[in-house]
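Below: one structure, written as structure tokens.
Read the numbers this way: they start at 1 and go in the same order the structure lists the ligands and their atoms.
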Amino acid sequence: MSAAVNAEPLQDRAESLSRRFAEVYGQEPDGVWRAPGRVNLIGEHTDYNNGFVLPFAIDRSALVAVRLRRPDQDPEDEADVVRLASTYGQKGRGLSHARFRTGGLVPGAAEGWGGYPAGVVYALQQRAGVSVPGFDLLLDSTVPVGAGLSSSHAVEVAVIVALNDLLGLGLDRAGMARLTQYAENEFVGAPTGIMDQSASLMGQDGGALFLDCRSLDAENVPLPLADHGLEVLVMDTRVAHSHADGGYSARRSACERGAAALGADSLRDVPADADLSGLDAEVQRRVRHVLGENQRVLAVVEELRRGNVDGIGELLVASHASLRDDFEVSCPELDLAVDAALAAGALGARMTGGGFGGSAIALIRAETENEVRAAVLAAFEDKGWKEPALFTVLPAAGAGRL
Ligand code: GLA
């Protein structure tokens, strides 16, 4: 199982990133840090309701090579300049560049993907009182963009672990999760919860992260897929999604309205069997999803603690149905991927992440992988839809220095 992280040739990637850094910036980096993407096994749209989630960090990650500016070596007027370059999504040896200054940083001051590192700097300044010097950074990532696997959170987490080490900040994992959430909410402008950063920061090789999103108490629950002859297949529909769009925040505010109408601070404080009949129909559906989903997370955790990995499939299917029918964040492509995988023998399948596109996951027996892949591809081809990207993932360790 420790093949999980090692399935990625991390040392090779780190060395080639360091070499490239020296070419681009003319100096060696101070180090290379890695932060993984995630899939969520179950517990969707529960994080911002102070509920439970069960994601795992995956063996696809963002790497950043970073060098802090030195007052004695860098021109004085560049002391607070951050230069960013990325190989991500570029053809051949192309790079995408961005730049900002850490001094006087305000939301909107960095364009495009530069907003993620800038958001982290902003969070450190605003919430942790850290004075962040300028730095040079080169990014490379194997987390597909827009697939709902937290590619942007992986960038934020890689930056915060790098700055935490280089500046000797002594932040713990929960603290870094809260800071990157602040970056995402206040700087990037996406009203997301705390699951994705936490998975990237606290993931454990071979396990899923059972996280209480209120306290950030975390437990590593073993997910020995290979021992059970199982795999998790990601089905990226390649339908773009964005949590800065209205659908996500509309769901979030419906949940808040529901909690208020039920006299609770958050849906976490509403009992699973509460009487919802007084709520308007839409809010009732949203609340029903969240209450049921928290229970399903607890049930999956129980099964996994008992070593019954094969037994979680039905709970995954129930989660998908609830997200599709009650929370209404699925889409035809996600539904088709789930249905096709189940029809081809998957033990369970569901959309993963915020929805409105992105990826679904299927829990499959390893020997059926080719059959499931073929069935999903055929179903999309029949509809004349864009071919989904299919790949398996393993639970990997959380972020750190390489
Ligand atoms: C996105 C957000 C998370 C979480 C999920 C839904 O991935 O970033 O905080 O709310 O959607 O579970």
Side-chain angles (χ1 to χ4, degrees), residues 35-58 115-116 119 143-157 174 176-203 208-214 216 218 234 236-237 239-256 266-268 286-287 289-294 296-297 300 316 319-320 322-324 326-331 334 350-361:
R38 64 98 188 90
V39 301
N40 188 14
L41 193 56
I42 195 160
E44 220 65 86
H45 290 274
T46 47
D47 62 351
Y48 53 79
N49 290 300
N50 277 341
F52 303 113
V53 293
L54 190 64
F56 63 87
I58 58 174
Y116 302 120
V143 189
V145 183
L149 303 180
S150 296
S151 56
S152 58
H153 294 102
V155 175
E156 291 165 354
V157 168
M176 288 191 274
R178 294 212 190 273
L179 286 166
T180 46
Q181 184 189 15
Y182 181 86
E184 189 77 15
N185 294 169
E186 303 302 323
F187 196 92
V188 177
T192 50
I194 202 155
M195 168 173 69
D196 305 336
Q197 304 84 337
S198 303
S200 183
L201 281 156
M202 303 177 200
L209 180 78
F210 174 36
L211 184 72
D212 177 337
C213 296
R214 178 156 60 188
L216 294 195
V234 173
D236 172 10
T237 61
V239 175
H241 73 112
S242 163
H243 300 324
D245 292 347
Y248 186 95
S249 66
R251 296 306 181 283
R252 192 170 173 150
S253 56
C255 292
E256 282 159 11
S266 78
L267 292 181
R268 170 66 177 275
R286 307 296 187 247
V287 172
H289 163 74
V290 174
L291 301 186
E293 188 77 351
N294 276 323
R296 286 186 286 274
V297 174
V300 169
L316 304 187
S319 168
H320 185 78
S322 176
L323 287 156
R324 182 190 60 211
D326 277 348
F327 217 65
E328 297 176 277
V329 290
S330 189
C331 64
L334 286 167
R350 59 182 290 278
M351 52 160 276
T352 189
F356 307 106
S359 296
I361 53 169

Exercise. Please confirm whether Gly353 comes within less than 3.5 Å of ligand 1 when only nitrogen or oxygen atoms on both sides are compared.
Key: no
Quiz item: Heavy-atom contact under 4.0 Å between Arg38 and ligand 1?
Solution: yes
Quiz item: Counting N and O atoms only, with roles assigned by atom type, does the side chain of Arg251 sit under 3.5 Å from a partner on the main chain of Gly247, one being a donor and the other an acceptor?
Solution: yes
Quiz item: Among Asn40, Asp47, Thr46, which residue places a heavy atom closest to atom 3 (C) of ligand 1?
Solution: Asp47
Exercise. Would you check if the side chain of Ser359 reaches a backbone N or O of Ala147 as a donor-acceptor pair within less than 3.5 Å?
Key: yes
Exercise. Using a strict 4.0 Å cut-off to heavy atoms of Met195, name the atoms of ligand 1 that fall inside it.
Key: 4 (C), 5 (C), 12 (O)
Practice problem: May I ask you to list the atoms of ligand 1 that are less than 4.0 angstrom from any heavy atom of Thr192? | Solution: 2 (C), 8 (O), 9 (O)
Quiz prompt | Any donor-acceptor N or O pair under 3.5 Å, side chains Arg350, Ser319 | solution = yes
Practice problem: For the pair Asp47 (side chain) and Met195 (backbone), establish whether a donor and an acceptor sit closer than 3.5 Å, ignoring hydrogens and angles. | Solution: yes
Practice problem: May I ask you to check if ligand 1 and Tyr48 share an N or O to N or O distance below 3.5 Å? | Solution: no
Quiz item: Do any N/O atoms on Gly354 end up under 3.5 angstrom from N/O atoms on ligand 1?
Solution: yes
Quiz item: Quick check: does any side chain N or O of Arg252 sit under 3.5 Å from a backbone N or O of Pro191, one acting as donor and the other as acceptor?
Solution: yes
Quiz item: If you measure only the distance, is there a donor-acceptor pair under 3.5 Å linking the side chains of Ser266 and Arg214?
Solution: no
Exercise. Go through ligand 1 atom by atom and flag the ones less than 4.0 Å from a non-hydrogen atom of Gly193.
Key: 9 (O)
Quiz item: His153 near ligand 1, heavy-atom distance under 4.0 Å?
Solution: yes
Quiz item: Between the side chain of Arg286 and the main-chain N/O of Asp326, is any donor-acceptor distance below 3.5 Å?
Solution: yes
